[in-house]
Amino acid sequence: MKQISSRQLYFFLAAIAPVGKLVLMPSQLVHFAKNDLLFPIATNYLLQAALVFCVLLAARANETFYDMLCYTFGKVVAKIVVTVLALFLFYAALLPLLEQKLYIQSVFYDTLPSSVAFSSFFLVSAYLCSKPLVSYGRVWDFLTPVSMIGFFGIMLLSVYQADFVALQPVGAAGIGGYLNGTAFTMSWFFDSVLLLTMIGKFRYQKGMAWKGALSYLAGGAAILLFLATFYGIFSDIASRQLFAFAKISKYFSGITVLGRIDYLFLFMLTLVMVFYCVLPVRAGVEFLGHAYGEGRYRTTLYSIGINAVLLTLSILLDFWFGAVNTAISETLFWIFPAFCILLPLTALLLRRKPREKIS
């Protein structure tokens with residue numbers, strides 16, 4: 001059976017996962033943590049890196065999460081757990097999808113109705129969700145250089161404009177700003193659960209746990225550089241810059257002569273975001289398959305049904321993004337650590353082999 005290689009897994013953790021945190025998280029983070037914005041994100045990254053380490057240790061069994069649940073608790077409990085986990089993944093996918101819709105409309109298609117501009121995404125998503133999860137490894141091989149070129153292209157056009165003195169004095173936001181910034185950005189940090197859906201799809205190799213954690217931290221270092229540059233450019237008005245990565249490069253002096261060359265890099269990052277936003281939906285479809293039966297036709301049915309629901313929600317919530325964002329990232333923020341901490345730690349305690357039958 002084809003599997004995701006260790007290289008592809010490290011690529012995902014270092015270059016694909018960070019891109020999903022570039023759209024609206026920076027402005028929301030600044031709203032709470034102000035110039036101390038680096039500390040909450042560093043905390044979330046360190047916590048997630050530790051959980052990635054735990055998930056990869058659990059992957060030593062070379063069994064899927066569902067199989068290990070079956071070995072430990074039986075099929076009935078396993079089906080209940082993976083069904084709840086699938087619902088969480090669909091819930092976690094909603095905010096990234098809605099912010100992508102807002103971003104696409106505002107940056108690329110500001111003269112078209114948002115539903116028309118973004119509805120084609122769900123056709124792509126339905127197609128990708130019907131493909132085997134292991135096929136994403138080949139996609140990550142292609143997207144990693146695209147992500148790196150796009151990100152560093154934007155940074156090269158932007159970093160020289162930043163006044164990093166704006167990050168001083170340290171601690172100005174106080175403990176409240178730090179705690180709120182940490183808690184209310186957790187909705188963008190569910191990568192450990194995404195990784196949990198992939199165990200059994202790759203073969204554990206010696207040192208993979210710490211290499212995976214370091215790869216994730218490398219992506220986190222890039223995000224911290226981005227956030228420092230973002231705040232160094234916009235400072236006190238940073239909380240009003242909703243699409244941070246699409247704005248920090250537009251003040252590059254060469255744009256007046258060359259035009260918006262930064263759009264080339266924006267298109268690259270947007271392509272990566274499409275696949276990142278689809279991943280939690282595909283992971284949820286995978287778990288539905290574990291619980292209620294797999295197969296080509298069933299997977300396609302799950303994919304079409306879930307994407308139809310998400311399309312409907314994106315239309316119904318078109319004018320309610322602010323309320324949805326507040327509900328998911330602030331009011332119900334505790335749902336994310338509840339799943340993202342509990343499940344990876346639980347995976348370490350599950351049986352790796354079926355119980356021996358007593359004859």
Side-chain angles (χ1 to χ4, degrees), residues 4 8 11-26 89-110 112 114-151 153-154 187-188 190-191 194-195 197-198 219 222-223 226 242-246 262-286 299-300 303-304 306-315 317-318 321:
I4 297 171
Q8 293 166 342
F11 282 170
F12 165 73
L13 292 170
I16 311 301
V19 174
K21 301 163 181 60
L22 294 176
V23 184
L24 295 181
M25 187 195 75
L89 288 165
F90 299 142
Y91 170 77
L94 183 59
L95 184 58
L97 288 174
L98 292 178
E99 70 175 3
Q100 284 298 307
K101 179 180 180 180
L102 189 62
Y103 159 67
I104 293 296
Q105 179 195 14
S106 301
V107 176
F108 297 129
Y109 298 104
D110 56 349
L112 283 177
S114 59
S115 297
V116 174
F118 196 66
S119 59
S120 60
F121 168 86
F122 293 97
L123 294 175
V124 176
S125 177
Y127 171 76
L128 293 175
C129 288
S130 65
K131 296 299 178 182
L133 191 58
V134 294
S135 66
Y136 281 68
R138 295 190 296 272
V139 175
W140 297 335
D141 278 332
F142 167 74
L143 289 181
T144 295
V146 174
S147 176
M148 295 178 68
I149 293 171
F151 179 82
I154 291 292
S187 54
W188 283 275
F190 53 91
D191 302 305
L194 286 179
L195 194 60
T197 68
M198 300 176 203
I223 293 299
F226 167 80
L242 296 183
F243 310 110
F245 80 103
D262 59 322
Y263 266 59
L264 173 63
F265 304 121
L266 293 180
F267 280 124
M268 289 181 174
L269 291 175
T270 302
L271 176 63
V272 179
M273 287 179 186
V274 168
F275 286 89
Y276 181 74
C277 288
V278 168
L279 189 56
V281 184
R282 179 61 186 90
V285 169
E286 180 83 5
T299 300
T300 301
S303 175
I304 293 174
I306 294 302
N307 279 282
V309 172
L310 291 173
L311 172 60
T312 303
L313 287 174
S314 73
I315 295 173
L317 300 175
D318 198 23
F321 177 79

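Just so it is clear, the model here is predicted, and its values are computed rather than measured.
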Inset, instruction - Check whether any side-chain heavy atom of F245 lies under 4.5 Å from a side-chain heavy atom of L266, and answer yes or no. - result: yes
Inset, instruction - State, yes or no, whether a side-chain contact exists between Y276 and V19 at a heavy-atom distance under 4.5 Å. - result: no
Legend entry - Point-to-point distance, once rounded to the nearest 0.5 Å, from CD1 of I315 to CG of L310: 11.5 Å
Inset, instruction - Would you indicate whether the side-chain heavy atoms of V124 and V278 approach each other to under 4.5 Å? - result: no
Legend entry - Side chain to side chain, K21 and F226, heavy atoms closer than 4.5 Å: no
Inset, instruction - Would you check if S314 and F122 make a side-chain contact, meaning some heavy-atom pair closer than 4.5 Å? - result: yes
Inset, instruction - Please examine the side chains of L279 and F12, heavy atoms only from C-beta on, and report whether any two atoms are closer than 4.5 Å. - result: yes
Inset, instruction - Quick one: closest heavy-atom pair of L13 and A17, and the distance? - result: O-CB, 4.1 Å
Inset, instruction - Report yes if some heavy atom in the side chain of V272 is under 4.5 Å from a heavy atom in the side chain of W140; otherwise report no. - result: no
Legend entry - Residues that F11 engages under ring-ring contact (aromatic ring centres under 6.0 Å, His included), provided they are two or more places apart: none
Legend entry - Inter-residue atom distance Q8.CD - L143.CG, 0.5 Å rounding: 11.5 Å
Inset, instruction - Would you mind reporting whether L317 and K101 have side-chain heavy atoms less than 4.5 Å apart? - result: no
Inset, instruction - State the CZ-CD1 distance between F275 and I16, to the nearest 0.5 angstrom. - result: 9.5 Å
Legend entry - For the student: nearest non-hydrogen atoms of I149 and F265, plus distance: O-CD2, 3.7 Å
Inset, instruction - For residues C129 and V281, report the shortest heavy-atom separation together with the two atoms involved. - result: SG-CG1, 3.7 Å
Inset, instruction - Would you give the length of the straight line joining atom CD1 of I104 to atom CZ of F243, rounded to the nearest 0.5 angstrom? - result: 9.5 Å
Legend entry - Contact summary for L89 and P280, nearest pair of heavy atoms: CB-O, 3.6 Å
Inset, instruction - Assign the ring pair F267 / Y263 to parallel, tilted or perpendicular, where the plane angle (0 to 90°) is split at 30° and 60°. - result: perpendicular
Inset, instruction - Would you confirm whether S130, through its side chain, and Y127, through its main-chain N or O, come within 3.5 Å as a donor-acceptor pair? - result: yes
Inset, instruction - Provide the full list of side chain to side chain donor-acceptor pair (under 3.5 Å) pairs with a residue in residues 90-100, sequence neighbours left out, each pair given once. - result: E99-W188
Inset, instruction - Taking all non-hydrogen atoms of both residues into account, name the closest pair between P18 and G219 and its distance. - result: CG-CA, 3.7 Å
